[in-house]
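Below: one structure, written as structure tokens.
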Number of protein chains: 2
Amino acid sequence: MILALPSETVFHTIESTIKQYRKFAQKNITKALPGMTVDQGLVLIFLHEHPELTQKEIAQLVFKDNASMTRMINTMVKKKYLKRSMNEKDRRRYKLKITPEGKELLKKLPPIIQKNRSASLEGISKKEQDQLTKILIKIQTNCQKS
Amino acid sequence: MILALPSETVFHTIESTIKQYRKFAQKNITKALPGMTVDQGLVLIFLHEHPELTQKEIAQLVFKDNASMTRMINTMVKKKYLKRSMNEKDRRRYKLKITPEGKELLKKLPPIIQKNRSASLEGISKKEQDQLTKILIKIQTNCQKS
DNA sequence: GTAATTTAATTGATATATCAATTATATTTA
DNA sequence: TAAATATAATTGATATATCAATTAAATTAC
């Protein structure tokens with residue numbers, strides 16, 4: 001069977017693109033906020049916008065599983081970005097609170113993220129971005145068909 | 001500063017697409033070859049096509065760093081897919097040989113991979129795939145600037 | 001209202017990711 | 001050629017990924 005080398009497929013390109021974007025974004029975040037990771041930044045942003053999110057919901061938003069999210073929140077608590085507290089309504093869950101230190105960092109994030117996004121999308125029209133999204137979603141749909 | 005939520009960006013879509021594809025591909029590989037991972041399969045395929053590849057070169061092909069590759073090859077040796085042997089020409093490197101067991105698995109991989117690819121690209125024209133690649137490469141180029 | 005089921009989070013085990021430091025060998029330079 | 005530099009691979013430390021099993025609480029079914 002003749003199989004195209006993995007490096008010649010569109011999947012390879014998708015993967016290398018997201019990895020390069022992540023490296024690029026991480027580099028710029030590290031410059032301004034040493035010790036913070038891209039994903040920790042995302043968690044802060046999501047929690048800021050939606051304070052009632054559970055760990056599970058955040059995990060889904062950043063494409064991690066619950067186990068990873070538990071450990072990630074652990075390190076964010078250790079780093080004092082977050083505090084866990086009881087959720088009286090549902091005692092299986094926690095309330096996740098951004099600490100004042102976390103809020104300080106959070107303030108510095110948006111301009112960095114904005115710059116990362118616009119720099120990496122430079123010269124790519126809105127139309128192209130929509131095309132990209134549309135095609136990617138087709139792939140996702142295909143992958144979900146059991 | 002008003003920042004689009006990460007979940008509304010094209011980066012989010014790129015990341016979720018590749019993760020879903022990986023899950024889909026892994027599921028099908030596991031079904032046929034329990035214990036084998038997508039990346040281990042890729043390493044076998046690359047080594048089969050280019051037996052002289054060094055660990056470092058393979059690492060680049062599958063987007064891992066050298067440290068990860070060392071450990072990945074360790075587990076592939078432990079699983080008896082591969083054997084390390086001396087490279088007399090350059091004693092910093094190894095020769096990586098696919099074992100007979102590894103070759104057996106390798107034979108079964110191509111049809112599975114082919115099926116994964118075509119299933120996830122179903123209904124996506126060649127033209128769309130080219131568009132996708134073109135746009136992604138633009139993003140990569142942007143991320144490489146400085 | 002109690003038993004069965006579901007859900008959110010955790011834990012353990014193992015693999016991988018990442019960075020920095022180290023080792024051993026090759027290559028370059030003075 | 002000896003010293004400086006570069007390269008391939010490894011190792012250590014820490015974080016994350018993944019799967020399966022577990023715990024504790026909530027929900028559903030009977």
Side-chain angles (χ1 to χ4, degrees), chain A residues 15-16 18-27 29-31 34-43 47 52-79 81-96, chain B residues 15-16 18-27 29-31 34-43 47 52-79 81-96:
Chain A
E15 184 144 10
S16 73
I18 196 64
K19 290 215 172 175
Q20 287 202 250
Y21 173 70
R22 278 192 157 264
K23 269 193 190 150
F24 173 73
Q26 183 64 63
K27 207 180 63 190
I29 285 183
T30 300
K31 239 185 281 176
M36 163 153 301
T37 70
V38 171
D39 284 323
Q40 288 168 6
L42 295 181
V43 170
L47 264 178
E52 73 298 340
L53 286 172
T54 63
Q55 294 187 185
K56 191 187 160 119
E57 289 163 337
I58 299 170
Q60 284 163 349
L61 284 168
V62 294
F63 312 116
K64 319 232 171 262
D65 73 344
N66 295 353
S68 300
M69 190 45 59
T70 290
R71 282 151 181 149
M72 206 174 145
I73 301 272
N74 286 348
T75 77
M76 291 180 75
V77 168
K78 227 188 296 172
K79 284 182 172 179
Y81 301 166
L82 295 181
K83 249 192 91 169
R84 279 194 180 95
S85 63
M86 269 301 141
N87 183 331
E88 294 303 339
K89 301 271 166 72
D90 184 341
R91 299 179 51 195
R92 290 170 305 184
R93 305 176 188 197
Y94 291 113
K95 274 187 206 158
L96 295 172
Chain B
E15 183 144 12
S16 73
I18 196 62
K19 290 216 170 171
Q20 286 201 249
Y21 173 70
R22 278 193 158 265
K23 270 195 189 148
F24 174 73
Q26 183 63 63
K27 207 179 64 189
I29 286 183
T30 300
K31 239 185 277 175
M36 165 154 298
T37 70
V38 171
D39 285 322
Q40 289 168 6
L42 294 181
V43 170
L47 265 177
E52 73 298 340
L53 286 173
T54 63
Q55 293 186 188
K56 191 187 160 116
E57 289 163 338
I58 300 170
Q60 284 162 350
L61 284 167
V62 295
F63 311 115
K64 318 232 171 263
D65 74 343
N66 295 352
S68 300
M69 191 45 60
T70 291
R71 281 149 181 151
M72 205 173 145
I73 302 271
N74 286 347
T75 76
M76 291 180 75
V77 168
K78 227 188 295 172
K79 284 181 172 180
Y81 299 167
L82 295 180
K83 246 191 91 169
R84 279 194 180 95
S85 63
M86 268 301 142
N87 183 331
E88 294 301 339
K89 300 270 167 72
D90 184 341
R91 300 178 53 196
R92 290 169 304 184
R93 305 175 188 199
Y94 292 113
K95 273 186 207 158
L96 295 172

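All heavy atoms count here, side chains included; hydrogens, waters and symmetry mates do not.
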query: Atom CG of A:Asn66 and atom CE of A:Met69: how far apart are they, to the nearest 0.5 Å?
result: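 The distance works out to 8.5 Å.
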Between CD on residue B:Gln40 and CG on residue B:Leu42, distance to nearest 0.5 Å: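 Spacing of CD (B:Gln40) from CG (B:Leu42) equals 10.0 Å.
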- prompt: OP1, OP2 of C:dA24 versus side-chain N and O of B:Arg92: anything below 4.0 Å?
  reply: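 It does not, given that no N or O in the side chain of B:Arg92 lies less than 4.0 Å from OP1 or OP2 of C:dA24.
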query: Looking only at side-chain N and O atoms, does B:Arg84 come under 4.0 Å of OP1 or OP2 in D:dT10?
result: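 Indeed, a polar side-chain atom of B:Arg84 lies that close.
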[X] has a side chain; which of [options] sits nearest to it?
X: A:Ala67; options: D:dT16, D:dA8, D:dC19; value: D:dC19
X: A:Lys64; options: D:dA9, C:dA17, D:dA17; value: D:dA17
X: B:Lys56; options: C:dT16, D:dA9, D:dT18; value: D:dA9
X: B:Arg91; options: D:dT11, C:dG12, C:dT25; value: C:dT25
X: A:Asn66; options: D:dT10, D:dA9, C:dA9; value: C:dA9
X: B:Thr70; options: C:dT25, D:dT18, D:dT11; value: D:dT11
X: A:Arg93; options: C:dA15, D:dA8, C:dA9; value: C:dA9

message: I want to confirm an ordering. Mapping B:Lys19 and B:Asn74 to their closest nucleotides on DNA chain D, which one lands closer to the 5' end?
response: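 The residue mapped nearer the 5' terminus is B:Asn74.
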Counting any heavy atom closer than 4.0 Å, what does [X] reach on the DNA or RNA strands: base, sugar-phosphate only, or nothing?
X: A:Ser68; result: base
X: A:Gln40; result: sugar-phosphate
X: B:Thr75; result: sugar-phosphate
X: A:Asp90; result: sugar-phosphate
X: A:Met69; result: nothing

Whole-Å distance separating the [atom1] atom of [X] from the [atom2] atom of [N]:
X: A:Met72; N: C:dA17; atom1: CE; atom2: P; value: 17 Å
X: A:Lys79; N: D:dT14; atom1: NZ; atom2: P; value: 13 Å
X: A:Tyr81; N: D:dA15; atom1: OH; atom2: P; value: 11 Å
X: A:Gln26; N: C:dC19; atom1: CD; atom2: P; value: 8 Å
X: B:Leu96; N: D:dA9; atom1: CG; atom2: C1'; value: 11 Å
X: A:Phe63; N: D:dA17; atom1: CZ; atom2: C1'; value: 15 Å
X: A:Asp65; N: C:dG12; atom1: CG; atom2: C1'; value: 14 Å
X: B:Glu15; N: C:dA17; atom1: CD; atom2: P; value: 13 Å

query: Looking only at atom types and distance, does a side-chain atom of A:Gln26 sit under 3.5 Å from a main-chain N or O of A:Met36, one as donor and one as acceptor?
result: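 Answer holds: yes.
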query: Backbone N or O of B:Asp39 within a donor-acceptor pair of the B:Lys64 side chain at under 3.5 Å?
result: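 No; judged by distance alone, with no hydrogens or angles, the pair does not exist.
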query: Do the side chains of B:Ile58 and B:Leu96 get nearer than 4.5 Å, heavy atoms only?
result: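 Yes; the side chains approach each other to less than 4.5 Å.
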field: Any side-chain donor near an acceptor of the partner, A:Gln20 and A:Ser16, under 3.5 Å
entry: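 No, because no side-chain N or O of A:Gln20 sits under 3.5 Å from a partner of the opposite role on A:Ser16.
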- prompt: Side chain of B:Arg71, base of C:dT14: donor and acceptor closer than 3.5 Å?
  reply: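 No, the side chain and the base share no sub-3.5 Å donor-acceptor pair.
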